[in-house]
Amino acid sequence: MDKLKKVLSGQDNEDRNGFEEVIETSSLSWGTRIKGFIACFVIGVACSILGTCLLWVPGKGLALFAIFYTIGNVASLGSTFFLMGPLKQLKKMFEMTRLIATIVMLLCLVLTLCAALWWKIKGLALLFCILQFFAMAWYSISFIPFARDAVKKCFTTCIS
């Protein structure tokens with residue numbers, strides 16, 4: 001458990017200069033960071049659920065859904081900043097193993113809002129929300145060792 005705490009809090013044994021240590025150091029205690037993570041994650045899930053409920057509102061339902069669903073995903077993603085710190089999380093997001101998943105996920109977040117608010121194409125907004133979900137799931141499982149390999153193997157055995 002201590003090793004997990006060290007890795008998540010950014011205290012693992014990496015070579016860093018003094019400037020990076022100052023930027024990455026969080027003044028929050030571990031308990032406060034966990035509470036912040038849980039609160040932000042719960043807000044994200046609540047926004048996503050609220051967005052799904054608002055989908056059925058006549059007229060503006062799709063726009064409200066896209067906005068709240070995207071805010072929910074951003075809040076859920078932001079909750080991990082409490083665990084690792086913003087700079088460390090951003091570095092991990094753009095590592096080579098997660099680069100494509102991160103870019104697709106961020107692109108889907110933006111395209112969902114564009115399709116619902118500016119282009120006003122309902123089918124496209126819904127498609128981007130679905131892609132947003134899968135991109136976020138693929139990004140999230142990249143933090144679990146061998147999870148991507150297991151998912152790939154599951155789909156290849158199901159298809160063949």
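Heads up: numbering here begins at 1 and tracks the sequence.
Transitive grouping of hydrophobic side chains (ILVMFWY, heavy atoms separated by less than 4.5 Å) keeps V151 and F133 in distinct clusters. I49 and L54 are not part of a single hydrophobic cluster, where members link through side-chain heavy atoms under 4.5 Å apart. Following chains of ILVMFWY side-chain contacts shorter than 4.5 Å, one can reach I71 starting from L107, so the two form part of one hydrophobic cluster. Follow the hydrophobic side-chain contacts under 4.5 Å out from L127 and you reach L117 in the same cluster. When the side chains of ILVMFWY residues are joined at heavy-atom separations under 4.5 Å, either directly or via intervening members, I34 and I43 end up in two distinct hydrophobic clusters.
The minimum heavy-atom distance linking S29 with T32 is given by the pair OG-OG1, 2.9 Å. The minimum heavy-atom distance between I141 and A147, with the atom names listed, is O-CB, 3.5 Å. The minimum heavy-atom distance between N73 and M136, with the atom names listed, is O-CE, 3.2 Å. Taking both residues in full, the closest heavy atoms of Q132 and Y69 are given as OE1-CD2, 3.4 Å, listed atom of the first, atom of the second, then distance. When all heavy atoms of A116 and A63 are compared, the pair lying nearest together is CB-CA, 4.1 Å. Between R148 and A101, the shortest heavy-atom contact is NH2-CB, 3.4 Å.
Within the model, atoms NZ of K153 and OG1 of T156 stand 7.5 Å from one another, a figure rounded to the nearest 0.5 Å. Atom-to-atom distance recorded for I100:CD1 and M105:CE is 13.5 Å, nearest 0.5 angstrom. Between C129 atom SG and L109 atom CG the span is 9.5 Å, to the nearest 0.5 Å. Considering CZ of F68 and OG of S48, their distance stands at 11.0 Å, rounded to 0.5 Å. In this structure, CG on L64 lies 9.5 Å from CG on L55, to the nearest 0.5 angstrom. Interatomic distance, C40 SG to I38 CD1, rounded to the nearest 0.5 Å: 11.5 Å.
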Practice item. Just do the side chain to side chain contact (heavy atoms under 4.5 Å, CB included) check on K88 and K92 with the steps written out, would you? Key: CA-CA 6 Å; K88 187 169 178 95; K92 285 191 174 285; 3.9 Å; yes
Next item on the list: Step by step, work out the side chain to side chain contact (heavy atoms under 4.5 Å, CB included) result for K122 and L126.
Entry: CA-CA 6 Å; K122 294 178 180 182; L126 212 50; over 6 Å; no
Point to revise | Stepwise side chain to side chain contact (heavy atoms under 4.5 Å, CB included) test for F128 and L113 | key: CA-CA 9 Å; F128 286 136; L113 293 175; over 6 Å; no
| message | Assess the residue pair L62 and V57 against the criterion (side chain to side chain contact (heavy atoms under 4.5 Å, CB included)); give the C-alpha distance rounded to whole Å, side-chain angles, the decisive distance to 0.1 Å, and a yes or no. | response | CA-CA 8 Å; L62 182 67; V57 172; over 6 Å; no
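The shortest side-chain heavy-atom distance between L111 and W119 falls under the 4.5 Å cut-off. Between L131 and F134, every side-chain heavy-atom pair lies at or beyond the 4.5 Å cut-off.
Within the 3.5 Å criterion, the main-chain N or O of M93 finds a donor-acceptor partner in the side chain of T102. Put simply, the side chain of T157 gets close to the backbone of C154: a donor and an acceptor are under 3.5 Å apart.
Heavy atoms from other residues, nucleotides or ligands lying under 6.0 Å from CZ of F81 number more than 12. Environment of CZ in F37: crowded, with over 12 heavy atoms of neighbouring residues, nucleotides or ligands closer than 6.0 Å.
For residues 134-146, the set of pairs meeting the side-chain hydrogen bond (donor to acceptor under 3.5 Å, both in side chains) definition, not counting sequence neighbours, comprises Q89-Y139, R98-S142.
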